[in-house]
Asker: 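Let me begin by handing over the structure; questions about it come next.
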Amino acid sequence: MKLWNYVLLSIILALVTVCMVSADNQSVTNSSPDVNQTNTTSLIHISPQEELMNLAFAAREFALENGKEKAITEFSNPSGQFSTKGRYVIAYDMDGTLLANMKVPGEVGSKFIKDDYDAGQVRMMRDMATTGGGLYTDPATGAFWFIMDVDGSWWICTAQYQTSGQ
């Protein structure tokens, strides 16, 4: 019987030792403060082009979630969620008909692409939208837009207000 007592006592001591070591390790982990030690003073600079891209992605997501009609209404609203920090959304049908542009609401419904041979800016942007979209820069003025297809039947571009000196 004495041998069993020694075995039992050895097992208990082994368990107590393991628990103490485990508890010691846990206390060391818990004693460190929960502080994010990354450098929060360095901010990532987002270029105006990237901001237009972000707005285009948000506008496309809104259009896909809420439908074309609601999206066009929102894109046309000068105080809406897509008119921010001097940026706004313009929408066109694939044939070049302007669907939304809060800067020139009187031109909504006008067609800006004459035919497939039209060398105009709207046709070039439409072609860009149908081939994956991206940043379009006007070589004459340096103005830029971010172009994006919505669902294959219409497309959007995001723009920055142009003021004198820009």
Side-chain angles (χ1 to χ4, degrees), residues 26 28-166:
Q26 186 65 32
V28 169
T29 301
N30 289 339
S31 67
S32 64
D34 284 352
V35 176
N36 183 355
Q37 296 182 10
T38 59
N39 183 0
T40 58
T41 58
S42 64
L43 297 176
I44 297 172
H45 173 73
I46 297 177
S47 70
Q49 294 88 342
E50 291 169 317
E51 290 192 14
L52 286 180
M53 179 186 69
N54 290 340
L55 182 62
F57 276 103
R60 181 178 187 272
E61 183 177 346
F62 180 87
L64 292 174
E65 288 177 0
N66 295 284
K68 185 176 183 178
E69 188 175 317
K70 187 172 182 178
I72 288 170
T73 300
E74 188 62 26
F75 299 160
S76 300
N77 182 358
S79 59
Q81 66 179 326
F82 295 102
S83 174
T84 178
K85 298 180 184 177
R87 295 178 214 58
Y88 60 105
V89 178
I90 303 167
Y92 291 91
D93 262 339
M94 286 300 177
D95 68 357
T97 302
L98 183 63
L99 302 173
N101 185 338
M102 63 175 217
K103 295 296 287 175
V104 288
E107 292 186 9
V108 169
S110 300
K111 190 171 178 178
F112 288 89
I113 300 176
K114 296 176 193 157
D115 56 36
D116 285 337
Y117 303 103
D118 183 346
Q121 193 173 54
V122 174
R123 189 204 50 87
M124 287 189 275
M125 285 193 232
R126 189 246 356 237
D127 291 351
M128 180 181 266
T130 62
T131 58
L135 188 68
Y136 176 85
T137 303
D138 182 347
T141 66
F144 51 86
W145 299 264
F146 194 86
I147 314 302
M148 180 174 283
D149 177 69
V150 176
D151 67 3
S153 68
W154 63 296
W155 57 279
I156 58 174
C157 64
T158 51
Q160 179 82 35
Y161 293 148
Q162 295 295 316
T163 59
S164 61
Q166 248 187 333

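All of these numbers come straight from a predicted model, not from anything done at the bench.
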Asker: Which atom pair, heavy atoms only, marks the closest approach of Ala59 to Ile156?
Answerer: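 Distance-wise, the nearest heavy atoms are CB-CD1, 3.8 Å.
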Asker: Under a 3.5 Å distance rule, please check whether Thr130 uses its side chain to pair with a backbone N or O of Asp127 as donor and acceptor.
Answerer: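 At least one qualifying donor-acceptor pair exists.
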Asker: Rounded to the nearest 0.5 Å, what's the gap from CE on Met125 to OH on Tyr92? Could you check?
Answerer: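 Answer for the CE-OH pair, Met125 versus Tyr92, is 6.0 Å.
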Asker: Just verifying a value: how many Å separate Trp145 CH2 and Asp138 CG, rounded to the nearest 0.5 Å?
Answerer: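 So the CH2 of Trp145 and the CG of Asp138 are separated by 5.0 Å.
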Asker: Could you state the interatomic distance from CZ (Phe146) to CG (Leu55), rounded to the nearest 0.5 Å?
Answerer: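 Going from CZ on Phe146 over to CG on Leu55, the span is 10.5 Å.
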Asker: Check whether any side-chain heavy atom of Thr137 lies under 4.5 Å from a side-chain heavy atom of Gln49, and answer yes or no.
Answerer: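 They are not in side-chain contact.
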Asker: How many angstroms lie between atom CZ of Arg60 and atom CG of Asp151, to the nearest 0.5 angstrom?
Answerer: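 Rounded to the nearest 0.5 Å, the CZ-CG separation comes to 8.0 Å.
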Asker: How many angstroms lie between atom CD of Glu50 and atom NE2 of His45, to the nearest 0.5 angstrom?
Answerer: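 If I round to the nearest 0.5 Å, the distance is 7.5 Å.
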Asker: Does the side chain of Asp95 come within less than 4.5 Å of Ile113's, by heavy atoms?
Answerer: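 Heavy-atom side-chain distance check fails, nothing below 4.5 Å.
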Asker: Please work out whether the ring planes of Phe82 and Phe75 are parallel, tilted or perpendicular, with thresholds of 30° and 60°.
Answerer: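 Perpendicular, since the angle between the ring planes exceeds 60°.
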Asker: Once you round to the nearest 0.5 Å, how far does CH2 of Trp154 lie from CG of Asp93?
Answerer: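 One gets 9.0 Å once the value is rounded to the nearest 0.5 Å.
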Asker: Decide yes or no on side chain to side chain contact (heavy atoms under 4.5 Å, CB included) for Trp155 and Ile147, but give the supporting numbers first.
Answerer: CA-CA 8 Å; Trp155 57 279; Ile147 314 302; 3.9 Å; yes
Asker: Which heavy atom of Ser76 sits nearest a heavy atom of Ala100, and at what distance?
Answerer: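 Smallest heavy-atom distance, with atoms named: OG-CB, 3.4 Å.
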Asker: With side chains defined as the heavy atoms from C-beta onward, is the minimum distance between Lys68 and Leu99 less than 4.5 Å?
Answerer: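 Lys68 reaches Leu99 side chain to side chain.
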Asker: If I compare all heavy atoms of Met102 with all of Ser83, which pair ends up nearest, and what's the gap?
Answerer: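 Where Met102 meets Ser83 most closely, the heavy atoms are CE-OG, 3.1 Å.
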Asker: Of all heavy-atom pairs between Ile90 and Ala159, which one has the smallest distance, and what is that distance?
Answerer: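 Here Ile90 and Ala159 meet closest at CD1-CB, 4.1 Å.
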Asker: Quick one, Tyr136 with Gln121, criterion side chain to side chain contact (heavy atoms under 4.5 Å, CB included). Give me CA distance, side-chain angles, the key distance, then yes/no.
Answerer: CA-CA 9 Å; Tyr136 176 85; Gln121 193 173 54; 3.4 Å; yes
Asker: Of the non-hydrogen atoms in Ala71 and Phe62, which two are nearest, and what is the gap between them?
Answerer: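 Nearest heavy atoms, Ala71 then Phe62: CA-CE2, 3.6 Å.
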Asker: Val89 and side-chain contact (heavy atoms from CB on, under 4.5 Å): which partner among Asn101, Leu52, Ile72, Thr158?
Answerer: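 Single side-chain contact (heavy atoms from CB on, under 4.5 Å) partner of Val89 among Asn101, Leu52, Ile72, Thr158: Thr158.
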Asker: Please name the pair of heavy atoms, one in Glu74 and one in Gln81, separated by the smallest distance, quoted to 0.1 Å.
Answerer: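 Looks like OE2-N, 2.7 Å.
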Asker: Any side-chain to backbone donor/acceptor pair from Thr73 onto Glu69? Under 3.5 Å, distance only.
Answerer: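 Present.
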